[in-house]
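Data block below; observations after.
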Amino acid sequence: MKKSFLALALMSAFSGAAFAQSSVTIYGIVDMGLVRDDNGAGARTALDSGVQNGSRLGFKGVEDLGSGLKANFVLEMGLKTDTGASDQNGLAFGRQAYVGLSGDFGSVNLGRQKSVTYDIGDNVDPFHIGLAGDIGRLFKTSTRTDNAITYSTNNLSGFVGSLQYGFGEAAGNNSANRKVGVSGVYSEGPVYAAIAYEKLNDATGNDANAGKKTFVGGTYDFTVVKAHAAYETIKGGTNDERVWMIGATVPFGPGAFLADFTQVKNKAVSNADGKQFAIGYTYDLSKRTDVYTSFARTTNDSNASYNLANAGMLKAANGSTDKMFSVGIRHKF
């Protein structure tokens with residue numbers, strides 16, 4: 001009886017010590033907005049989830065393994081808070097799902113992860129890949145990479161480099177559906193500057209349509225205003241595009257005004273360019289809750305159709321104009 005009690009006490013002590021070296025955090029975003037989109041062929045008014053940022057529920061954890069080595073994991077699911085359904089095409093943890101190690105050597109993560117261009121685009125975009133001014137409405141920065149191994153250096157005097165390899169997992173053809181990305185980011189003081197390259201193969205192992213992307217961008221914080229700029233080349237298959245953006249974030253009270261102008265030049269098709277102007281405002285009600293509004297107007301040349309086939313809408317004819325307005329609330333926990 002005494003031996004059993006002693007063994008139980010020792011097990012409790014050891015398990016408590018191990019738990020003290022580990023931590024798990026539950027986090028998320030609940031975002032709902034009223035959206036009005038008019039592309040000329042029709043208009044859609046809807047209560048949408050994830051207008052400023054995708055609604056989500058996530059779990060992240062770290063375990064101290066000693067000698068500076070740590071185990072890390074993230075499981076993050078996308079949610080449609082307007083219906084309660086899952087986002088990311090029904091994937092359980094479609095936003096991120098990975099495990100890895102970090103230490104003096106940097107970090108290595110394995111699983112479904114953000115692409116190298118997504119993280120950079122999020123930092124460069126005044127609208128942070130959300131609202132009506134979302135950089136992804138004209139740029140083609142990819143979002144996530146499946147079956148990926150990602151290595152990132154530690155912060156080296158403001159510089160962080162990353163290399164990502166996504167296995168295509170096609171039997172008999174290691175090049176099929178393969179995705180490779182590399183990036184370099186410098187962030188120190190008011191300066192943020194980054195460059196990234198991604199290459200995606202198709203099912204035969206050749207360059208996928210729009211599969212080669214080079215993205216360069218940066219911001220400079222003047223305190224009274226933050227300047228934003230980005231440039232992307234998109235090649236592969238029948239695609240040959242150049243996209244650039246200039247923008248600004250202007251702090252105002254507990255919120256900020258946002259604005260950018262984006263233009264895409266299609267080198268493969270004549271009279272197929274597009275332009276977008278966007279403005280917005282976010283107002284912080286607290287550290288975790290804000291309200292927002294935004295407006296964007298996209299114009300197309302006679303052979304262009306940018307933003308004319310948005311979800312839930314009939315595709316408008318080439319050369320049409322799309323106008324999008326949103327207002328909503330976001331809560332982070």
Side-chain angles (χ1 to χ4, degrees), residues 96 98 100 102 105-109 112-130 133-146 148-166 178-201 207-222 225-237 239-249 258-268 273-274 276 278:
Q96 294 188 90
Y98 66 81
S102 61
F105 59 89
S107 65
V108 177
N109 294 316
R112 178 173 168 85
Q113 302 168 63
K114 294 178 181 177
S115 71
V116 293
T117 56
Y118 182 90
D119 273 335
I120 292 174
D122 183 36
N123 284 308
V124 171
D125 183 4
F127 294 86
H128 294 285
I129 313 184
D134 178 0
I135 195 173
R137 281 165 57 82
L138 289 180
F139 281 74
K140 288 185 173 64
T141 52
S142 61
T143 54
R144 294 164 183 85
T145 304
D146 286 337
I149 298 176
T150 304
Y151 167 74
S152 296
T153 69
N154 288 324
N155 191 311
L156 306 172
S157 300
F159 175 82
V160 175
S162 296
L163 177 64
Q164 186 174 83
Y165 185 95
R178 182 178 62 194
K179 184 177 179 181
V180 179
V182 60
S183 69
V185 175
Y186 176 81
S187 181
E188 191 76 18
V191 177
Y192 177 89
I195 183 170
Y197 174 79
E198 283 186 341
K199 184 177 184 296
L200 174 65
N201 291 347
D207 292 342
N209 205 37
K212 294 190 293 186
K213 305 167 188 174
T214 302
F215 185 95
V216 181
T219 65
Y220 191 93
D221 194 346
F222 294 94
V225 60
K226 178 185 283 189
H228 304 250
Y231 179 79
E232 182 182 43
T233 64
I234 306 160
K235 297 183 178 181
N239 279 77
D240 189 0
E241 297 175 328
R242 310 288 187 273
V243 196
W244 61 270
M245 178 275 293
I246 56 171
T249 299
L258 316 171
D260 68 12
F261 176 80
T262 307
Q263 184 172 27
V264 53
K265 292 281 189 181
N266 193 324
K267 299 290 185 180
D273 300 341
Q276 177 176 283

Of the non-hydrogen atoms in [X] and [Y], which two are nearest, and what is the gap between them?
X: A196; Y: I120; answer: CB-CD1, 3.6 Å
X: T145; Y: G166; answer: CG2-CA, 3.9 Å
X: A230; Y: F215; answer: CB-CZ, 3.8 Å
X: T262; Y: L138; answer: CG2-CD1, 3.6 Å
X: V225; Y: A248; answer: CG2-CB, 4.0 Å
X: D125; Y: G133; answer: OD1-O, 4.0 Å

> Hey, are Y98 and N109 close enough side-chain-wise for a donor-acceptor pair under 3.5 Å?
Replying inline: no
Mind checking the [atom1]-[atom2] spacing from [X] to [Y]? Nearest 0.5 Å is all I need.
X: K235; Y: D207; atom1: NZ; atom2: CG; value: 11.0 Å
X: E198; Y: Y118; atom1: CD; atom2: OH; value: 13.0 Å
X: K267; Y: R242; atom1: NZ; atom2: CZ; value: 6.0 Å
X: K212; Y: T233; atom1: NZ; atom2: OG1; value: 9.5 Å
X: K265; Y: I234; atom1: NZ; atom2: CD1; value: 14.5 Å
X: T249; Y: F222; atom1: OG1; atom2: CZ; value: 12.5 Å

> After noting the C-alpha distance and the side-chain angles of K179 and S115, does the key distance pass the side-chain hydrogen bond (donor to acceptor under 3.5 Å, both in side chains) rule?
Replying inline: CA-CA 10 Å; K179 184 177 179 181; S115 71; 4.7 Å; no
[X] side chain vs [Y] backbone, donor-acceptor pair below 3.5 Å:
X: S152; Y: S107; answer: no
X: K213; Y: K140; answer: yes
X: Q164; Y: K114; answer: yes
X: H128; Y: D122; answer: yes

> Among I135, T141, T117, which one satisfies side chain to side chain contact (heavy atoms under 4.5 Å, CB included) with E232?
Replying inline: T141
>> Evaluate F139 against V124 for side-chain contact (heavy atoms from CB on, under 4.5 Å), listing each step before the verdict.
In response: CA-CA 12 Å; F139 281 74; V124 171; over 6 Å; no
> How far apart are the C-alpha atoms of Y192 and V185, what are their side-chain angles, what is the distance that settles it, and do they pass the side-chain contact (heavy atoms from CB on, under 4.5 Å) test?
Replying inline: CA-CA 7 Å; Y192 177 89; V185 175; 3.4 Å; yes
>> Could you walk me through whether R178 and V180 satisfy the side-chain contact (heavy atoms from CB on, under 4.5 Å) test, starting with their C-alpha distance in whole Å, then the side-chain angles of each, then the deciding distance to 0.1 Å, before giving a yes or no?
In response: CA-CA 7 Å; R178 182 178 62 194; V180 179; 4.3 Å; yes
> Is there a side-chain contact (heavy atoms from CB on, under 4.5 Å) between Y197 and V182 once you walk through the steps?
Replying inline: CA-CA 5 Å; Y197 174 79; V182 60; 4.1 Å; yes
> Do N266 and E241 have side chains that get closer than 4.5 Å, going by heavy atoms?
Replying inline: yes
